[in-house]
Amino acid sequence: MDLVPDTIVESLGTAGVGRGSLLAVAASPGVGFAVAGDGAAFARVADDDAMAFCLTAIERDLAPRWVVWNGAESRALLDLGVRLGACWNLAAVHRLTVGGWKADPPRIWAHHRGLDPSTVPDTGRDDHTVDLFTAADRATGDLDDPVRPDGHLRSDWGGRLWDATPTRLAAWAAVALEIAQAQTIERAGVADRPKAALIARSESTVELLCNEMAANGLPMDSVVAESIVGSLAGPRPAGEAEADEIRRSRDAVVLAHAPVGADFDLRSPGQVKSLLRRVGIEVPDTRAWRLEPLVGRHPIVKPLLEWRKAERMSTTFGYAWLDEHLGDDGRLRGSWTSCDGAAGRMTASAGMHNMPAEMRPAVIADDGYVFVRADLGQVEPRVLAAVSGDPKLAKASTVDDLYAEVAETLGVEREIAKVAVLGAMYGQTTGRGAQALAELRKAYPVSMDFLDEADRRARGGHDLMTYGGRRLRMDNRTDFDLPEQAARSRTAARGRYGRNAVIQGAAAELFKMWAVTVRSRAEDLGADVVLCLHDELLVHAPMPVGQEVATLVDAALDETVRRWAPDGSVRFLADTALIGRWSDAKD
DNA sequence: TGCGGCTATTG
DNA sequence: CACAATAGCCGCAG
């Protein structure tokens, strides 16, 4: 068969495939690929280079919204060198609208066809790939048909052990297209989740961004990183014996203050507690914030706290961490997920979301590049104003410092107002913030009622829906046979979870839409989003276009807000700066 | 060997 | 020490 990209692009274009229209793709390295759009479908045998060339031509000339089953499929395309612009990710949309984490193809299919979820063939895993054969699959039916005689999708299709052929790839793409079309039509018109179609697109495209951040990595200078670790955890040990010796000598500094002959394992919280009791300090636990005020009580406390710091640096963020995650090319790499199991925030491994501030000076832009760092200001109360439709809180959002405005309305100090607002969103019931809660309730009844309603529903075990249409399942949070006291506390915890999840989840949706908008607008300038941190974006940009990227980051936020909260009543703002290293203040 | 608890870091 | 996350080590059950 011919594999002339121009011909293929032309035939797809003639069939109506264009910017934003759904085009399912199934590709198998070494075999070939298939695409399926509305009224256009074909499959080709192709080597990897030809496949990448052809798909890239389709992307360049037609810019469709590529339908894939999951992030692993789009990652495989990226690894072939195909950078997709927009995406419809069946697993991401399934997680959004159905809830829960499991989103393997047979499960998505079963939901699409209204099959009993309890009869879905078990793939043996619940994540991105399906690569296990099941006995039932092998024993029955036509191996070229993705659908089993019982109506379920074959769980051995599409995985790594799958015997791909152009015919099967075409069938796989056709099934994906069918589901995507159903998801689009179904979600676009549902009145109780008007944002779902919009959010489904950005949540899908975030999967592409996750692929790219995982592949590209975060620029990090290994010399600087090593020197920071060295200053906090000591020089790099030559071997296991030397590492042991360093550990022992580090322990000895603390144990020198212990009673003579006492032998305690500092890595065991229980033994640390016993050690402290021996020197006359009784504490319910040994957390740093609790020991901090007791430094004057006994000379062992200060070295113990310092030991904790150094121990953490040498375990979690030490040489082993650098060796495992920092590549020779000066890139820190980890895995990224577009939505976590709770409210839908992004998560990252390799310490990119909890890197100690001391390590951040090692995150340095390449020569000739600059970072554009931008973070949303006071995003949670602004999100609360938008999703609850509270006109008074929306009014407060029009000033730069929302908390100061709330403080003035309540007639309290700014700090009190801040902890009160945050406390309302977290479900805090004690402390200074709680005292201001009654005033907050009087001043902003719409917002507070909204939070109370989420709390109440969650306590009752009812699912929640975020502003963007993400279903938050509460059925996995039921508890049985707990003592009354524990049950009450668990119910209260569920309420706090629900109260916060509708805010945190909606903020995540806004942030992710911003992130993919920046990704899209910055591409032509050669700039990449290299880090997403809940309300903060780090973009790696060529120096000459740094200012241009900074401007487009701000413009992307305005554009995102116009689509996400079109009535314009709530103001969102970003603090955007050009910096050379992550730790730099704005300049 | 798997898992809950404790601890520390981040937003 | 609220809400969320990742991650390492210890202690304990199986």
Side-chain angles (χ1 to χ4, degrees), chain A residues 232-233 247 251 264-274 283-293 304-318 320-321 324-325 332 334-360 363 373 375-381 383-384 418-434 437 451 454-455 458 464 466 472 477 489 492-508 511 531-538 575 582-583:
Chain A
L232 296 164
R247 268 195 294 273
D251 295 358
F264 294 94
D265 181 356
L266 298 176
R267 290 160 193 81
S268 165
Q271 293 192 41
V272 170
K273 212 157 103 174
S274 304
V283 280
D285 61 66
T286 70
R287 290 183 172 90
W289 64 267
R290 203 185 287 282
L291 299 183
E292 206 70 56
L304 175 61
L305 289 169
E306 286 163 359
W307 178 93
R308 281 264 175 83
K309 195 92 182 163
E311 177 71 4
R312 176 164 172 81
M313 273 298 164
S314 56
T315 55
T316 305
F317 292 102
W321 173 64
E324 191 177 345
H325 299 112
L332 185 74
S335 57
W336 288 82
T337 61
S338 67
C339 75
D340 64 26
R345 296 216 292 201
M346 296 174 77
T347 62
S349 68
M352 273 174 293
H353 275 180
N354 58 347
M355 192 187 301
E358 298 99 307
M359 286 302 307
R360 296 188 178 193
V363 178
R373 175 186 182 274
D375 66 288
L376 299 173
Q378 305 173 338
V379 63
E380 289 187 328
V383 164
L384 172 60
K418 181 179 174 179
V419 298
V421 171
L422 291 172
M425 289 186 290
Y426 290 151
Q428 185 181 27
T429 53
T430 58
R432 306 229 299 173
L437 195 60
L451 293 169
D455 191 305
L464 296 169
T466 66
L472 304 174
R477 289 180 167 251
S489 120
R494 276 209 300 275
R496 292 195 300 272
Y497 163 80
R499 169 185 290 271
N500 182 253
V502 290
I503 302 303
Q504 191 188 100
F511 174 81
L531 188 80
C532 291
L533 193 43
H534 309 314
D535 64 355
E536 178 179 354
L537 274 178
L538 201 61
D575 185 11
W582 193 13
S583 54

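Chain naming here is simple, since letters A, B, ... match the order of the sequence lines and numbering starts at 1 in each.
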ring-ring contact (aromatic ring centres under 6.0 Å, His included) against A/F317, all qualifying residues, sequence neighbours excluded
A/W321
Taking atom CD1 of A/I503 and atom CG of A/L384, what is their separation to the nearest 0.5 Å?
4.5 Å
Between atom CH2 in A/W289 and atom C1' in C/dA2, what is the gap in whole Å?
12 Å
Nucleotide C/dA5, atom P - distance to CH2 of A/W336 in whole Å
16 Å
A/E292 CD to C/dC1 C1', in whole Å, measures 14 Å
Tell me, please, which residues at least two apart from A/R499 pass salt bridge (Lys or Arg N to Asp or Glu O under 4.0 Å).
A/D452, A/D455
What does A/T429 touch in the nucleic acid at a heavy-atom separation under 4.0 angstrom: a base, only the sugar-phosphate, or nothing?
nothing
Which part of the nucleic acid, if any, lies within contact of A/M355, taking any heavy atom under 4.0 Å across all strands shown: a base, the sugar-phosphate backbone alone, or nothing?
sugar-phosphate
Holding to salt bridge (Lys or Arg N to Asp or Glu O under 4.0 Å), I want the full list of residues that pass it with A/E292, two or more places apart in sequence or in another chain.
none
Taken to the nearest whole Å, CG/A/L266 to C1'/C/dC10 is 13 Å
Nearest whole angstrom, please: distance from the P of C/dC9 to the CE of A/M313.
15 Å
Residue pair A/S268/A/M346 against DNA chain C: nearer the 5' end by closest nucleotide is A/M346
Just to be sure I understand the rule, does A/A501 reach a base, reach only the sugar-phosphate, or reach nothing, if contact means heavy atoms closer than 4.0 Å?
nothing
Could you state the CZ-P distance from A/R496 to C/dA4, rounded to the nearest angstrom?
9 Å
Residues at least two apart in sequence or cross-chain that pass salt bridge (Lys or Arg N to Asp or Glu O under 4.0 Å) with A/R287, listed by chain then number, are A/D285
Write down the distance between CG (A/L332) and P (C/dA7), rounded to a whole number of angstrom.
11 Å
Have a look at A/R499 and say if it touches a base, only the backbone sugar-phosphate, or nothing, with a 4.0 Å heavy-atom cut-off.
nothing
Any base atoms under 4.0 Å from A/D375, or only sugar-phosphate, or nothing? Heavy atoms, all strands.
nothing
With a 3.5 Å cut-off and sequence neighbours excluded, list the donor-acceptor pairs that the side chains of residues 349-357 of chain A form with protein atoms.
residue : atom : partner : partner atom : Å
A/S349  : OG   : A/S335  : N            : 2.9
A/S349  : OG   : A/S335  : OG           : 3.0
A/H353  : NE2  : A/C532  : O            : 2.6

For A/D265 and C/dG11, what is the distance between atoms CG and P respectively, to the nearest whole Å?
6 Å
Measure from the side chain of A/R267, starting at C-beta and using heavy atoms only, and say which of C/dG8, C/dC3, C/dC9 lies closest.
C/dC9
Of all nucleotides in DNA chain B with an atom under 4.0 Å from a non-hydrogen atom of chain A, which is the first and which the last going 5' to 3'?
B/dC6 to B/dG11
Just checking A/Q271: base, sugar-phosphate only, or nothing, at a heavy-atom cut-off of under 4.0 Å?
sugar-phosphate
What distance separates A/R496 CZ from A/T429 OG1, expressed to the nearest 0.5 Å?
7.0 Å
